[in-house]
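Reading through the structure tokens given below for one structure.
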Amino acid sequence: MKRGEIPLDGPFDLRLTLESGQSYLWWREDGASYGSTDADTRYLTTTRAGDDPAPAPIRVHRDGDTVVWESTFDAGDVVRRRLGLDDDLGTVRASTPDDDLVEEAFDAHWGLRIVRDPPFGGLVSFICSAQMRVARIHGMQQRLRETFGTPVELDGETYHAYPTPDQLAAASEQELRDLSLGYRAPYVRDTAEMVANGSRPGEVRDEPYEEARETLTRYVGVGQKVADCVLLFSLEYLQAIPLDTWMRQMIEEYYPDCDRGSYADTSRALRDRLGGEYAGYAQTYIFYHLRTQ
DNA sequence: TACCAGGAACGGG
DNA sequence: CCCGTTCATGGT
């Protein structure tokens, strides 16, 4: 087993970052579901290390001013990226408006960072997020992992990697329904098949933001909101602001002039209001703030 | 019991 | 293009 420490040069809250409803591809070592306010434990996830097609487990925890990782490969760079540890929160905050709601959200949850999930897992998990609560979205991903994922080992413990596109494409709709995916089951299966057949969600990174969002909606079960989640939480479009029920309610109450009717026009107006480049960061803080009040 | 959850696909106007 | 309806499932 390899191990390393990543020194932190800014605020970072591991539990907040992983349990705030951005990522569903990690799990707690104590097995508890996301959304609770339990004490911190260690967190695990899986990844593919470089050119190695085999999945590898990663375990992380906070220790003082460092993030400690354990894995079967040298995972420091992957962990830093996955957890947004290279983001300069000072720069992010300086780019957002001096606005009561925004400042209040930053103050209340300072140290939350935007994750960078692997594109396929991010895509599938947010397809599953439709009309669903955080803890249940997380539970679905755990069942997908344990049912279809490849077993991997880390210092004697056996875990299951998040399934590959091939593994999910080979699943039947009924098998997915048996995991309580509901009407999302065929969406996940069909999208997995598209990716298994060569369509890569990560390829939209070559496109400008709004064009990339439209491209992603070609996947089954992906509308504009889910596309924005994938862009923000997987593909590093930090200007993306997913407009869900919480954000629409926020717009109605705090930024009524940003309601322009259509998704695209409202999104653009709110994005400008939240400072543009890092609007997604502000959105994620506000989302969590509103949801926990 | 009725309602809701980080919506999307589908059909009709 | 815009609108209403339908789609599972578990918690409250």
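We name chains A, B, ... by the order of the sequence lines, and we start the count at 1 in each one.
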Check your understanding: Near A/Asp65 CG, under 6.0 Å, is it more than 12 heavy atoms from other residues, nucleotides or ligands?
Key -> no

Review point. May A/Tyr187 be described as stacking on the base of B/dA8, applying a 5.5 Å centroid limit and a 30° limit on plane angle?
Key: no

Check your understanding: Looking only at atom P, what distance separates C/dT6 and B/dG6, rounded to whole Å?
Key -> 23 Å

Review point. Expressed in angstrom and rounded to an integer, what is the separation of A/Tyr183 atom OH from B/dG7 atom P?
Key: 8 Å

Exercise for review: Name the orientation class of the two ring planes belonging to A/Tyr34 and A/Tyr43 (parallel below 30°, tilted from 30 to 60°, perpendicular beyond 60°).
Suggested key: perpendicular

Review point. Around atom CG of A/Asn197, are there more than 12 heavy atoms of other residues, nucleotides or ligands at under 6.0 Å?
Key: yes

**Study point:** Separation of atom CG in A/Leu216 from atom C1' in B/dG7, rounded to whole Å
**Key:** 16 Å

Exercise for review: Round to the nearest Å and state the distance from A/Arg184 atom CZ to C/dT9 atom C1'.
Suggested key: 7 Å

Check your understanding: What distance separates A/Leu14 CG from A/Asp63 CG, expressed to the nearest 0.5 Å?
Key -> 12.0 Å

Check your understanding: Can you find a donor-acceptor pair, distance only, under 3.5 Å between A/Tyr263 side chain and B/dG7 base?
Key -> no

Exercise for review: Sticking with atom C1', work out how far C/dC3 lies from B/dA5, rounded to a whole angstrom.
Suggested key: 22 Å

Exercise for review: Under 4.0 Å between any heavy atoms, over every strand shown, what does A/Arg177 touch: base, sugar-phosphate, or nothing? Just pick one.
Suggested key: sugar-phosphate

Exercise for review: Give A/Gly223 one of three labels, base, sugar-phosphate or nothing, depending on what nucleic acid heavy atoms sit under 4.0 Å from its own.
Suggested key: sugar-phosphate

Practice item. Would you kindly give the CG-to-C1' distance between A/Leu231 and B/dG6, to the nearest whole Å? Key: 15 Å

Revision key, fill the gap. note: A/Glu19, atom CD; B/dG6, atom P; distance rounded to Å ~ 15 Å

Review point. Hey, does A/Phe126 reach any base, or is it just sugar-phosphate, or nothing, if we go heavy atoms under 4.0 Å?
Key: nothing

Revision key, fill the gap. A/Glu173 CD to B/dA9 P, in whole Å, measures 15 Å

Exercise for review: Determine the contact category for A/Gln249: base if any of its heavy atoms lies under 4.0 Å from a base atom, sugar-phosphate if only primed atoms, P, OP1 or OP2 are that close, otherwise nothing.
Suggested key: nothing

Check your understanding: C1' atom, C/dG11 versus B/dA8: distance in rounded Å?
Key -> 23 Å

Review point. In terms of the angle between their ring planes, are A/Tyr209 and A/Tyr237 parallel, tilted or perpendicular, with boundaries placed at 30° and 60°?
Key: tilted

